[in-house]
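The block underneath contains the structure these notes are about, expressed in structure tokens.
Below, chain A is the first sequence line, B the second, and so on; all start at residue 1. Keep in mind the model is a prediction, meaning the values are calculated, not measured.
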There are 2 protein chains.
Amino acid sequence: MGEDTVRRARTGALADHGADLAAEPSAGTGGHTTKEAAPPRARGRREAGKEERRHRIIQAAREMIRETGRTGLSMRALAERAGVSLATPYNLFGSRGAVVLAVLEDVRDFQARFAQVRNGDPVDHILAVVDLAVEFYLGDPAFYTTLWREVFSVSGEVRTAIYNPRRDEFWLGLVNDIAAAGALREEIDTALLLRQLDHQFRSVMLDWVAGDLSAGLLGPTIKLGYALILCGAASDEARERIAHRVAESQRLLREAGERAAGATPS
Amino acid sequence: MGEDTVRRARTGALADHGADLAAEPSAGTGGHTTKEAAPPRARGRREAGKEERRHRIIQAAREMIRETGRTGLSMRALAERAGVSLATPYNLFGSRGAVVLAVLEDVRDFQARFAQVRNGDPVDHILAVVDLAVEFYLGDPAFYTTLWREVFSVSGEVRTAIYNPRRDEFWLGLVNDIAAAGALREEIDTALLLRQLDHQFRSVMLDWVAGDLSAGLLGPTIKLGYALILCGAASDEARERIAHRVAESQRLLREAGERAAGATPS
DNA sequence: TCGCCACTTATAACGCGTTACAACTTTCTC
DNA sequence: GAGAAAGTTGTAACGCGTTATAAGTGGCGA
């Protein structure tokens with residue numbers, strides 16, 4: 001039984017595909033997405049050709065996802081649109097899922113925007129960042145719902161690539177700011193706290209992506225969860241302020257819900 | 001190919017392994033497999049034959065999922081094992097995803113167990129129920145990780161079928177008990193609170209299913225989230241008690257994490 | 001009992017993701 | 001420039017989920 005048919009020789013390309021992702025034009029941030037194991041000397045015409053092909057494929061995939069939704073992204077159609085052979089996306093990325101992930105990572109330039117947000121109170125700050133992230137996705141909902149739907153449906157490695165160390169560091173910084181301001185109880189572990197916040201964020205996103213949550217409720221729902229969790233970890237001094245944000249989010253959510261319910265009796 | 005379309009004589013060991021899970025045959029209800037709500041009059045031999053075929057298919061699917069994981073559940077193999085034609089599962093269920101959902105609904109008998117749990121403090125009560133639910137899944141992890149992985153990867157209607165009104169009612173009762181005991185602030189909307197708890201639960205399950213969270217951390221992680229959120233909604237009188245549960249869950253989580261990290265440096 | 005009809009069956013087909021492999025073309029090395 | 005190395009291309013194939021269709025079968029009403 002030729003069980004060696006797995007033969008992940010090609011998958012090697014999947015490991016080093018991160019190199020070209022960050023090199024996307026719009027990004028500008030130039031962050032390294034994953035491990036950069038590729039030999040740094042190999043800057044020849046051959047490598048450039050590969051990179052250009054990779055870029056064409058990502059570009060074509062992005063366009064096709066935006067135009068037709070997930071169902072439109074067949075590997076044969078993708079290859080044709082990108083002007084490459086059917087085998088080439090597999091050579092360069094390894095699988096369809098890897099291509100989708102590459103598209104997602106290609107457009108992640110939150111960090112630049114996040115840097116703009118400045119706020120006195122660290123709790124207000126993290127909630128403002130949440131708003132910003134939500135705005136980002138709502139800026140192109142057709143694209144991102146499709147993309148995230150794909151992402152959720154693929155194996156775990158894909159999600160771990162999204163929730164990467166760089167991202168963790170950024171958000172952990174925000175939580176640590178809150179702790180440093182004395183707004184959290186002494187015994188609270190900020191890393192564990194962040195994971196709870198992440199769970200909240202991700203699960204609400206899943207609702208949105210699945211169509212169970214309207215765009216208007218996305219931000220308020222996430223912020224209510226954040227406020228509740230933070231309030232649960234708050235010190236005595238900071239609690240009242242955060243509790244106020246809980247009540248505020250709840251009010252927003254109820255109003256938006258009633259408005260939506262009145263508009264679409266779905 | 002079809003040389004020996006054996007009818008497989010439905011191995012009498014049918015109820016053996018599944019006994020602990022699905023022992024409850026949902027007798028009186030008449031198996032509401034889908035939203036069909038089978039007309040109560042149509043109890044002919046023809047309908048009985050259909051139901052028996054349905055049962056054979058679900059049973060075969062359950063066995064195959066347990067034995068081989070998701071990859072083993074191909075429609076052709078399923079049809080062969082169930083002793084039906086390839087077209088029959090499509091006639092009876094409609095799609096592969098619908099079969100998987102039917103398997104999931106077939107084994108959901110939490111409620112009976114939940115009724116056993118009695119506890120003085122309503123907060124302790126809901127956390128005990130969480131423990132029970134986690135235990136339920138951990139009782140057959142190979143089966144439930146596969147099943148939930150499938151569920152997460154299918155369209156939204158599947159999840160809404162899981163989070164159904166009956167389930168909501170049950171959990172909302174638990175949350176309302178907490179409110180009735182005066183442990184929550186006046187302004188807290190229990191329905192919204194429940195949704196935040198659900199998000200927590202579901203997202204942690206997703207982690208477990210994806211292999212990002214070990215079995216030992218599943219319960220503590222969920223309970224930490226629950227405790228944090230409840231603490232964030234707690235009234236002044238109840239807060240200290242709940243904050244204590246936060247600290248306790250956090251300690252458990254840290255210890256379990258360190259133990260796991262020491263054992264498997266993965 | 002007979003004929004209708006609902007349903008299953010067998011089978012072929014479609015497009016899909018993925019893999020394999022023999023050419024062919026381009027780049028690198030000497 | 002010659003030859004080696006690398007990579008793409010075209011194409012065939014596999015198993016998959018799903019659909020369509022003709023032929024068969026057995027329950028049910030008359």
Side-chain angles (χ1 to χ4, degrees), chain A residues 1-14 16-17 20 38-39 41-57 61 64 68-80 82-101 150 153-155, chain B residues 1-8 38-39 41-54 56-57 61 64 68-80 82-101 150 153-155:
Chain A
M1 50 198 70
E3 279 314 307
D4 62 334
T5 55
V6 266
R7 172 131 80 185
R8 277 342 240 162
R10 279 169 164 166
T11 313
L14 191 141
D16 72 284
H17 80 274
D20 75 311
R41 275 277 116 243
R43 296 307 284 157
R45 278 222 266 277
R46 188 166 271 156
E47 222 60 29
K50 259 166 55 168
E51 204 143 315
E52 198 239 333
R53 249 169 269 131
R54 265 196 275 251
H55 179 246
R56 279 215 311 273
I57 291 170
M64 292 170 72
T68 65
R70 75 197 305 203
T71 58
L73 187 64
S74 101
M75 292 301 271
R76 288 170 176 83
L78 173 65
E80 191 182 357
V84 297
S85 152
L86 169 62
T88 298
Y90 289 97
N91 288 330
L92 294 178
F93 295 92
S95 71
R96 200 190 97 110
V99 172
V100 173
L101 176 60
E150 296 263 358
S153 73
V154 187
S155 69
Chain B
M1 302 278 186
E3 55 180 59
D4 189 13
T5 60
V6 287
R7 276 204 177 248
R8 195 148 263 296
R41 283 190 308 97
R43 299 305 285 160
R45 278 224 262 277
R46 190 166 267 158
E47 222 59 30
K50 259 167 52 167
E51 203 139 322
E52 198 240 334
R53 250 170 270 131
R54 261 195 277 253
R56 279 218 310 274
I57 291 170
M64 293 172 71
T68 66
R70 75 198 306 202
T71 59
L73 187 64
S74 100
M75 292 302 270
R76 286 169 178 84
L78 173 65
E80 193 184 357
V84 297
S85 151
L86 169 61
T88 298
Y90 289 98
N91 287 332
L92 294 179
F93 295 92
S95 70
R96 201 190 95 111
V99 173
V100 173
L101 177 60
E150 296 263 358
S153 72
V154 187
S155 68

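- Atoms OH (Tyr90(B)) and P (dT11(C)) sit 18 Å apart, rounded to a whole Å.
- At whole-Å resolution of the value, CD in Glu51(A) and P in dG7(D) are 13 Å apart.
- Closest heavy-atom contact between Leu78(B) and Ala61(B): CD1-N, 3.5 Å.
- For Glu52(A), the salt bridge (charged side-chain N to carboxylate O under 4.0 Å, His left out) partners two or more places apart in sequence, or in a different chain, are Arg56(A).
- Applying the side-chain hydrogen bond (donor to acceptor under 3.5 Å, both in side chains) rule to pairs touching residues 83-93 of chain B yields nothing, sequence neighbours excluded.
- Within the structure, every side-chain polar atom (N or O) of Thr88(A) is placed at least 4.0 Å from both OP1 and OP2 of dG7(D).
- Among dC16(C), dT8(D), dT19(C), the nucleotide with an atom closest to any side-chain atom of Leu86(A) is dT19(C).
- Of the candidates dT18(D), dG7(D), dT9(D), the closest approach to any side-chain atom of Arg53(A) belongs to dG7(D).
- Computed from coordinates, the Glu47(A) CD to dT26(C) P distance equals 18 Å when rounded to whole Å.
- The separation between Met64(B) atom CE and dC16(D) atom C1' is 13 Å, rounded to whole Å.
- Contact record, Met75(A) with Ser95(A): CE-C, 4.3 Å, taken as the closest heavy-atom pair.
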Are there any protein N/O atoms within less than 3.5 Å of an N/O atom in nucleotides 20-22 of chain D, and if so, which ones and at what distance?
none

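- Between Leu73(A) and Val100(A), the closest side-chain pair of non-hydrogen atoms falls below 4.5 Å.
- Toward the 5′ end of DNA chain C lies the nearest nucleotide of Arg76(B), the other residue of the pair Met75(A) and Arg76(B) mapping further downstream.
- For Arg53(A), the salt bridge (charged side-chain N to carboxylate O under 4.0 Å, His left out) test picks out no residue, with sequence neighbours left out.
- One interatomic measurement links the two molecules: CG of Asn91(A) to C1' of dT18(C), which rounds to 12 Å at whole-angstrom precision.
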Would you list the protein and nucleotides 4-6 of chain C atom pairs, both N or O, that sit under 3.5 Å from each other?
none

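- With dT18(D), dT8(C), dT9(D) as the choices, the nucleotide that has an atom nearest any side-chain atom of Ser85(A) turns out to be dT9(D).
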| query | Which dot-bracket notation, 5' to 3', represents the base pairing of DNA chain C when pairs are defined as Watson-Crick or G-U with both distances under 3.5 Å, crossing pairs as [ ], and inter-strand pairs as |? | reply | ||||||||||||||||||||||||||||||
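- In this structure, the CZ atom of Arg96(A) is 9 Å from the C1' atom of dG17(C), given to the nearest Å.
- Spacing between atom CG of Leu78(B) and atom P of dT18(D) amounts to 11 Å, rounded to whole angstrom units.
- Here dG7(D) presents its C1' atom at 12 Å from CZ of Arg54(A), a figure rounded to the nearest Å.
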